[in-house]
Amino acid sequence: MMQPVRTVNILGVPIHAVTTEETLALVDAYMQEPHLHQLATVNPEFVMTAQTDAAFRAVLHSADLCLPDGIGLLYAARWLHTPLPQRVPGSDLIYDLAERCARHGWRLFLLGAAPGVAAAAGTVLQARYPGLVIAGSYAGSPAPAENDAIVARINAVSADMLFVAYGAPNQDKWIARNRAALSTVRVAIGVGGALDFVTGKAIRAPKQVQMVHLEWLYRLLREPWRWRRMLALPRFVLKVVFSRSS
Ligand code: UDP
């Protein structure tokens with residue numbers, strides 16, 4: 001049995017206080033256990049969605065790891081006197097996970113994103129990590145009507161690891177409701193727009209922008225249609241500021 005990981009509570013959502021290195025060590029251990037482990041890449045938008053979406057909140061509570069993906073969570077944790085060690089961005093982590101899949105022969109399935117993107121991402125990852133086995137890739141959709149056929153597709157190719165790119169909260173709910181039915185998957189992670197970044201369909205902020213913690217602003221400027229969703233950020237800041245008791 002593994003040691004439980006310390007969590008930090010941010011507005012009712014448990015965030016695991018892990019580094020990337022610790023995350024990868026946990027994944028190695030999860031892969032040895034004969035059931036699915038769910039990872040979520042949490043940012044302030046997730047936390048705000050969880051305020052009103054009880055089903056999503058329950059999914060985050062039952063996930064094995066809620067990774068601190070967004071920088072806003074680190075600021076919030078520090079403000080609440082329960083600091084988190086570092087950001088663990090899903091968009092970086094997927095490369096480390098793919099590398100481990102290649103090294104250990106774990107079969108990776110890529111689900112979601114626009115048609116063709118998952119397959120293209122698989123090709124990019126295979127070029128980068130020779131020997132990587134892409135068990136399958138499929139766009140599909142999180143619609144209930146497609147659910148069982150997608151599960152059957154993933155089971156049929158005995159996938160060991162699964163990336164789901166349906167955006168939050170759908171991707172995380174999708175994994176949670178199929179936990180038991182996905183009979184071969186050991187680690188499943190909701191990756192948001194990460195497959196779009198892998199293929200170059202979307203461009204991540206330059207490293208300098210990431211380093212000064214303004215990746216969210218870069219994304220807002222590049223994808224201005226997200227502004228309504230990103231109103232979650234100032235609402236998050238206000239809620240966290242006023243939630244501190246002392
Ligand atoms: N997406 C999808 N089906 C859906 C909704 C979204 O495949 O029904 C994909 C979309 O193409 C993108 C990914 O989900 O690749 C994540 O979308 P978004 O960037 O909105 O998510 P975030 O990274 O903000 O969680």
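Just so you know, ligand 1 is whichever comes first in the structure, and atom 1 is the first atom listed for that ligand.
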Is [X] touching ligand 1 with its side chain, its backbone, both, or neither, if touching means heavy atoms under 4.0 Å apart?
| X | answer |
| --- | --- |
| Ala114 | backbone |
| Glu45 | neither |
| Arg219 | side chain |
| Gln171 | neither |

Short N or O distance, Gly193 and ligand 1, threshold 3.5 Å exclusive: yes
Can you tell me if Gln86 and Thr20 form a side-chain donor-acceptor pair at under 3.5 Å?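 A pair is found: one side chain offers a donor N or O, the other an acceptor, under 3.5 Å apart.
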Are any non-hydrogen side-chain atoms of Ser158 and Arg107 less than 4.5 angstrom apart? yes
Quick check: do Trp174 and Ile150 have side-chain heavy atoms less than 4.5 Å from each other? yes
Name the closest protein heavy atom to [atom], giving the residue it belongs to and the distance to 0.1 Å.
| atom | result |
| --- | --- |
| atom 5 (C) of ligand 1 | Tyr166 O, 3.5 Å |
| atom 1 (N) of ligand 1 | Ala165 O, 3.6 Å |
| atom 21 (O) of ligand 1 | Gly167 CA, 3.7 Å |
| atom 24 (O) of ligand 1 | Arg226 NH2, 2.7 Å |
| atom 20 (O) of ligand 1 | Arg229 NH1, 3.0 Å |
| atom 13 (C) of ligand 1 | Gly192 O, 3.3 Å |
| atom 7 (O) of ligand 1 | Ala113 N, 2.9 Å |

Hphob cluster co-occupancy, Trp106 + Leu195, side-chain heavy atoms under 4.5 angstrom: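 Yes, it is one cluster - the side chains of Trp106 and Leu195 are joined through contacts under 4.5 Å.
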Same cluster (ILVMFWY, side-chain, under 4.5 Å), Ile154 and Val133: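 No, it is not one cluster - the side chains of Ile154 and Val133 are not joined through contacts under 4.5 Å.
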For Phe56 together with Phe46, are the ring centres under 6.0 Å from each other? yes
Checking Asp160 against Arg100 for the salt bridge (charged side-chain N to carboxylate O under 4.0 Å, His left out) test, could you report, in this order, the C-alpha distance in whole Å, the side-chain angles of both residues, the deciding distance, and whether it holds? CA-CA 12 Å; Asp160 300 304; Arg100 275 174 167 67; over 6 Å; no
I need the atoms of ligand 1 closer than 4.0 Å to a non-hydrogen atom of [X], numbered in the order shown.
| X | value |
| --- | --- |
| Pro142 | 8 (O) |
| Ala168 | 25 (O) |
| Asp196 | 12 (C), 15 (O) |

Per the side chain to side chain contact (heavy atoms under 4.5 Å, CB included) rule, which among Asp64, Ile175, Leu65 passes with His37? Asp64
What residue among Arg229, Arg235, Arg228 forms salt bridge (Lys or Arg N to Asp or Glu O under 4.0 Å) with Glu45? Arg229
Does ligand 1 have any atom sitting under 4.0 Å from a heavy atom of Glu223? no
Run Arg103 and Asp28 through salt bridge (charged side-chain N to carboxylate O under 4.0 Å, His left out) and show every step you take. CA-CA 11 Å; Arg103 191 170 354 141; Asp28 285 346; over 6 Å; no
